[in-house]
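Chain letters run A, B, ... following the sequence lines, proteins first, then strands; residues in each count from 1.
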Protein chains: 2
Amino acid sequence: MHEGIKNKELLLANISSAFSLTDKEIEELISLFAERKIKRRGFILHQGDVCRHFTFVISGCLKMYAIDPSGKEFNLEFAAENEWISDLNSFYAEKPTTVYIEAMEPSVILQIARPDLIHLYSNYPKFNSTFRIIIERKYMELQNRVLQNISATAEERYSNFLHQFPTLASRLPNTQIASYLGITSEFLSKIRKDLAHKR
Amino acid sequence: MHEGIKNKELLLANISSAFSLTDKEIEELISLFAERKIKRRGFILHQGDVCRHFTFVISGCLKMYAIDPSGKEFNLEFAAENEWISDLNSFYAEKPTTVYIEAMEPSVILQIARPDLIHLYSNYPKFNSTFRIIIERKYMELQNRVLQNISATAEERYSNFLHQFPTLASRLPNTQIASYLGITSEFLSKIRKDLAHKR
DNA sequence: AAATACCCTTAAGATATCTTAAGGGTTCAG
DNA sequence: CTGAACCCTTAAGATATCTTAAGGGTATTT
């Protein structure tokens with residue numbers, strides 16, 4: 001399909017930003033990713049399931065979140081176009097996940113299943129580095145977020161979010177951003193008013 | 001040296017918990033790690049330096065922290081015996097770090113330099129998975145910590161810390177634990193009193 | 001096009017957490 | 001051995017953040 005090929009080029013561009021790949025590697029990589037369209041509010045991972053895929057977002061936006069005993073949702077991660085998302089713990093250990101991954105917009109994704117990724121790792125060693133680097137980037141992002149959480153006020157965290165994810169900031173409902181920042185949406189509303197007055 | 005060999009066995013045990021290694025891999029791995037003793041308050045990484053080593057802790061305990069403009073320290077990570085520590089961002093990008101890594105106790109560590117690790121990656125592909133898994137574990141730990149930070153009260157976070165790191169909890173000054181949890185040491189003191197009364 | 005669910009804002013009162021200050025205990029360095 | 005530095009605790013007042021409640025706007029579904 002014409003569109004399907006274009007989508008896989010996005011994947012290639014993402015992966016080969018750090019590594020150049022041979023034709024054979026490209027062919028194999030592309031053949032192992034399957035495209036899926038997800039409706040708004042559709043789930044690609046549900047608490048209790050085993051996370052069986054590593055997911056790359058072509059378009060749209062997904063969120064990964066946990067639900068506490070009282071039913072509140074806490075957003076752990078957003079993934080929009082050109083980003084990766086997966087519950088690594090469940091994926092590698094093949095054990096039931098404690099989180100949800102849900103589409104916030106109609107989305108198109110590319111997924112690779114665990115056995116196929118392992119096949120890539122063993123037959124094309126370069127992909128070990130590729131995926132190691134993807135995870136390292138996400139690790140640094142998380143570490144930075146932890147630092148924010150323990151050192152910055154809610155207003156500072158929100159300002160940083162606006163700078164770091166300007167596109168997300170204008171696409172997502174503030175309720176979702178509040179959940180990501182660890183504050184209530186009412187308090188975010190107050191922060192936004194305060195910031196507006198500072199101009 | 002007798003003790004040096006024993007220390008490298010700890011490293012081997014840590015790495016081969018997920019993978020079995022050949023004699024050749026073991027020999028090469030061991031030859032590339034160098035042992036260092038660090039005094040209490042000694043630094044192995046200072047803001048502005050490039051992080052040139054991946055570090056495994058044999059004994060003692062290190063902390064990684066950032067300092068904000070007002071001079072306050074925020075603990076990002078502790079690493080005691082049998083744990084890994086490094087500023088991945090500085091290490092892989094070879095750019096100056098924004099953090100410090102300092103020994104809180106007299107410590108013995110094993111370090112591998114970046115070129116040697118890259119040599120391992122290219123000549124013994126298995127080590128790609130090995131180190132990918134080390135990072136994945138740390139990633140999940142961070143993700144769990146973010147969830148705590150955005151969803152739990154300070155008292156809950158402290159209780160969790162006690163359960164998750166019982167050894168650290170009794171070894172570290174509470175000021176250091178407070179900084180890790182993102183609260184003041186005075187407030188931690190109050191939390192400890194409240195918890196004691198709940199018994 | 002109506003009905004429903006979702007979203008944003010405001011504000012008042014409640015709670016969690018910080019700041020400052022002070023005192024006493026313990027460890028470390030000279 | 002001794003002063004200095006660090007650590008822990010307590011408490012009072014200040015500030016940040018949450019909870020609840022309510023109203024009006026916007027998007028989604030029927």
Side-chain angles (χ1 to χ4, degrees), chain A residues 38-42 60-61 63 65 68-75 78 102-107 148-162 168-198, chain B residues 38-42 60-61 63 65 68-75 78 102-107 148-162 168-198:
Chain A
I38 315 290
K39 283 191 219 165
R40 188 174 135 84
R41 313 245 161 136
C61 184
K63 64 176 172 180
Y65 61 95
D68 80 359
S70 79
K72 267 184 227 150
E73 297 181 6
F74 296 93
N75 287 336
F78 299 125
E102 179 185 339
M104 311 178 68
E105 304 172 354
S107 303
Q148 295 277 315
N149 282 335
I150 67 179
S151 72
T153 65
E155 181 174 317
E156 289 163 342
R157 300 202 305 274
Y158 178 62
S159 292
N160 280 327
F161 185 88
L162 295 182
L168 281 185
S170 56
R171 263 161 93 175
L172 299 184
N174 288 327
T175 42
Q176 297 301 321
I177 296 173
S179 163
Y180 178 94
L181 296 174
I183 60 179
T184 60
S185 85
E186 294 85 350
F187 190 50
L188 177 53
S189 207
K190 176 183 193 314
I191 288 172
R192 286 159 54 79
K193 185 167 67 164
D194 294 349
L195 283 177
H197 283 193
K198 286 189 182 167
Chain B
I38 315 291
K39 283 191 219 166
R40 188 175 133 85
R41 312 246 160 135
C61 185
K63 64 175 172 181
Y65 61 95
D68 80 358
S70 80
K72 266 184 229 152
E73 296 181 6
F74 297 92
N75 287 337
F78 299 124
E102 180 185 338
M104 311 179 68
E105 305 172 354
S107 303
Q148 295 278 316
N149 282 335
I150 67 179
S151 71
T153 65
E155 182 175 315
E156 289 165 342
R157 300 203 304 274
Y158 178 62
S159 292
N160 280 326
F161 185 89
L162 295 182
L168 282 184
S170 57
R171 264 160 92 176
L172 300 183
N174 289 326
T175 41
Q176 297 302 321
I177 296 173
S179 162
Y180 178 94
L181 296 175
I183 60 180
T184 61
S185 83
E186 294 86 349
F187 190 50
L188 177 54
S189 209
K190 177 185 192 312
I191 288 171
R192 286 160 53 80
K193 186 168 65 164
D194 294 348
L195 283 177
H197 283 193
K198 285 190 183 169

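Between chain A and DNA chain C, the heavy-atom contact criterion of under 4.0 Å yields a 5' to 3' nucleotide range of C/dC6 to C/dA11.
Remark: A/S70 pairs with A/D68 by the side-chain hydrogen bond (donor to acceptor under 3.5 Å, both in side chains) rule, at least two apart or across chains. In this view, B/Y158 and B/R192 satisfy the side-chain hydrogen bond (donor to acceptor under 3.5 Å, both in side chains) rule, not counting sequence neighbours. Considering only residues two or more places apart in sequence or on other chains, A/A154 meets the side-chain contact (heavy atoms from CB on, under 4.5 Å) condition with A/R157, A/I183, A/F187, A/I191. Among residues two or more places apart in sequence or in another chain, the side-chain contact (heavy atoms from CB on, under 4.5 Å) test is passed with B/E186 by B/T184.
Across its full length, the helix from C/dA1-D/dT30 to C/dG30-D/dC1 shows an angle of 60° between the axes of its 5 terminal pairs at either end, rounded to 10 degrees.
Shortest non-hydrogen contact noted between B/S179 and B/E73 is OG-O, 3.2 Å. Summarising the geometry of A/M104 relative to A/P173, their closest heavy-atom pair is CE-CD, 4.5 Å, with the distance given to 0.1 Å.
Comparing A/R157 and B/Q176 by the nucleotide of DNA chain D whose heavy atom lies nearest to each, the residue mapping closer to the 5' end is B/Q176. DNA chain C is contacted by both B/K72 and A/N174; A/N174 maps to the nucleotide lying nearer its 5′ end (nearest heavy atom per residue).
The aromatic rings of B/Y180 and B/F78 sit parallel, their planes meeting at an angle under 30°, below the 60° perpendicular limit.
A/T184 comes within 4.0 angstrom of a base, heavy atoms only. Heavy atoms of A/S189 sit under 4.0 angstrom from at least one base atom.
The nearest whole Å value for the distance from the CE atom in A/M104 to the P atom in D/dT28 is 12 Å.
Between the OG atom in B/S170 and the CG atom in B/L162 there is a gap of 9.5 Å [rounded to 0.5 Å].
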